[in-house]
Amino acid sequence: NSTSMTLTLRQRLRGTSPEVITSQHHWLPTSPLCEIRSQIDIDQRKFTLTGLGQHNHYFAPKPPNSPWIRGGVVFPHVSATFQVMGDCAAVVLADDSGIRTLENVPFTSHWAERLFSSQSYPSELNFGDWLILRNPIIAATSPPEMQLFFDAYLNGELGNAWVEIF
């Protein structure tokens with residue numbers, strides 16, 4: 001049995017990506033919108049996957065004192081990547097016209113859901129009234145970290161968002 005995979009990211013936009021700093025937690029959206037090509041070889045069978053994606057770097061000197069929420073959603077023509085630390089929310093939007101950083105975005109969340117371990121997670125995340133996340137599905141949990149998928153609405157367009165909470 002042999003398995004191998006190659007992954008290629010091609011930046012779709014030219015220009016410098018901004019560094020977003022919330023408190024001591026840094027976020028560098030290296031490629032906020034890129035084309036992805038992956039080839040997977042399993043026992044002499046080849047599978048090719050293509051699509052749009054994002055490439056980000058996050059770093060901090062220590063774990064956060066309050067929930068650190070980060071994630072993103074890719075639509076056919078635009079991507080939105082976000083980070084929330086305390087009351088500070090930032091969103092990076094990328095489309096064919098360029099990259100825009102929105103800092104101090106109005107942010108609200110509703111934390112009504114709980115796991116058996118009493119770990120809570122949000123049932124909705126709202127970045128103003130134009131990026132709305134609803135209907136969470138837990139992908140993985142290892143307290144205090146959690147990964148979820150949400151239905152995402154960006155200016156009325158439906159997509160799927162991934163969210164990590166620390």
Side-chain angles (χ1 to χ4, degrees), residues 4-41 46-60 64 67-109 121-141 145-166:
S4 67
M5 182 177 107
T6 58
L7 178 65
T8 306
L9 301 175
R10 187 173 75 73
Q11 189 167 340
R12 191 165 169 170
L13 303 172
R14 297 289 173 226
T16 305
S17 296
E19 180 176 357
V20 180
I21 301 171
T22 50
S23 180
Q24 295 179 344
H25 295 78
H26 301 260
W27 166 32
L28 182 61
T30 308
S31 295
L33 184 60
C34 56
E35 295 173 3
I36 298 173
R37 179 181 167 82
S38 176
Q39 182 170 315
I40 303 168
D41 298 327
K46 295 181 188 275
F47 302 92
T48 301
L49 305 169
T50 59
L52 297 177
Q54 304 166 335
H55 181 200
N56 299 289
H57 294 273
Y58 301 93
F59 53 97
W68 183 10
I69 302 169
R70 64 189 192 194
V73 58
V74 178
F75 294 95
H77 303 289
V78 63
S79 77
T81 310
F82 52 84
Q83 174 170 276
V84 178
M85 180 56 112
D87 352 350
C88 184
V91 177
V92 173
L93 294 173
D95 61 21
D96 289 334
S97 67
I99 302 167
R100 293 171 305 287
T101 302
L102 308 171
E103 296 190 59
N104 300 315
V105 173
F107 174 77
T108 59
S109 62
Y121 61 96
S123 58
E124 62 184 61
L125 302 170
N126 302 303
F127 298 85
D129 59 358
W130 48 272
L131 177 58
I132 314 257
L133 279 59
R134 299 276 189 284
N135 304 320
I137 296 172
I138 297 171
T141 181
E145 183 179 342
M146 182 177 286
Q147 297 169 344
L148 305 112
F149 291 102
F150 282 83
D151 291 337
Y153 303 89
L154 179 65
N155 293 327
E157 189 174 358
L158 176 62
N160 295 303
W162 56 269
V163 175
E164 294 178 301
I165 300 172
F166 297 89

> Of the non-hydrogen atoms in Phe107 and Ala89, which two are nearest, and what is the gap between them?
Replying inline: CB-CB, 3.7 Å

> Around atom NE2 of His57, are there more than 12 heavy atoms of other residues, nucleotides or ligands at under 6.0 Å?
Replying inline: yes

>> Could you report the tightest heavy-atom contact between Ser79 and Val74, atom names first, then the distance?
In response: CB-CG2, 4.1 Å

> How far does CG of Leu52 sit from CG of Leu9, to the nearest 0.5 angstrom?
Replying inline: 11.5 Å

> Minimum heavy-atom separation for Phe82 to Trp162, with atom names?
Replying inline: CZ-O, 4.1 Å

> For Gln83 and Trp68, does a side-chain donor sit closer than 3.5 Å to a side-chain acceptor?
Replying inline: yes

>> Let's go through Glu35 and Thr50 carefully: what are the C-alpha distance in whole Å and the side-chain angles of both, what is the deciding distance for side chain to side chain contact (heavy atoms under 4.5 Å, CB included) to 0.1 Å, and is it a yes or a no?
In response: CA-CA 7 Å; Glu35 295 173 3; Thr50 59; over 6 Å; no

>> So which atom in Gln54 and which in Pro32 form the shortest heavy-atom distance, rounded to 0.1 Å?
In response: CG-O, 3.3 Å

>> If you compare all heavy atoms of Val105 against all heavy atoms of Gly128, which two are closest, and at what distance to 0.1 Å?
In response: CG1-N, 4.2 Å

>> What I'd like to find out is whether the side chain of Asp151 reaches to under 4.5 Å of the side chain of Asn160, using heavy atoms alone.
In response: yes

> Does Leu49 offer a backbone N or O that forms a donor-acceptor pair with the side chain of Ser38 under 3.5 Å?
Replying inline: no

>> Nearest 0.5 Å, please: how far is OG1 in Thr81 from CG in Asn56?
In response: 5.0 Å

> Going through the distances and angles, do Val73 and Phe150 end up as a side chain to side chain contact (heavy atoms under 4.5 Å, CB included)?
Replying inline: CA-CA 9 Å; Val73 58; Phe150 282 83; over 6 Å; no

> Considering all heavy atoms of both residues, which atom of Met146 and which atom of Thr141 are nearest to each other, and what is their separation?
Replying inline: CE-OG1, 3.8 Å

>> How long is the straight-line distance from CZ of Phe75 back to OH of Tyr153, given to the nearest 0.5 Å?
In response: 10.0 Å

>> With rounding to the nearest 0.5 angstrom, report the CD1 to CZ distance, Ile165 to Arg70.
In response: 11.5 Å

> Between atom CD1 of Ile132 and atom CZ of Arg134, what is the distance when rounded to the nearest 0.5 Å?
Replying inline: 5.0 Å

>> For the OG1 atom of Thr108 and the CZ atom of Phe127, what is their distance to the nearest 0.5 Å?
In response: 9.0 Å

> So, Gln39 versus Asp41: side-chain donor-acceptor pair below 3.5 Å or not?
Replying inline: yes

> Given side chains that start at C-beta, do those of Asp95 and Leu93 come closer than 4.5 Å, heavy atoms only?
Replying inline: no

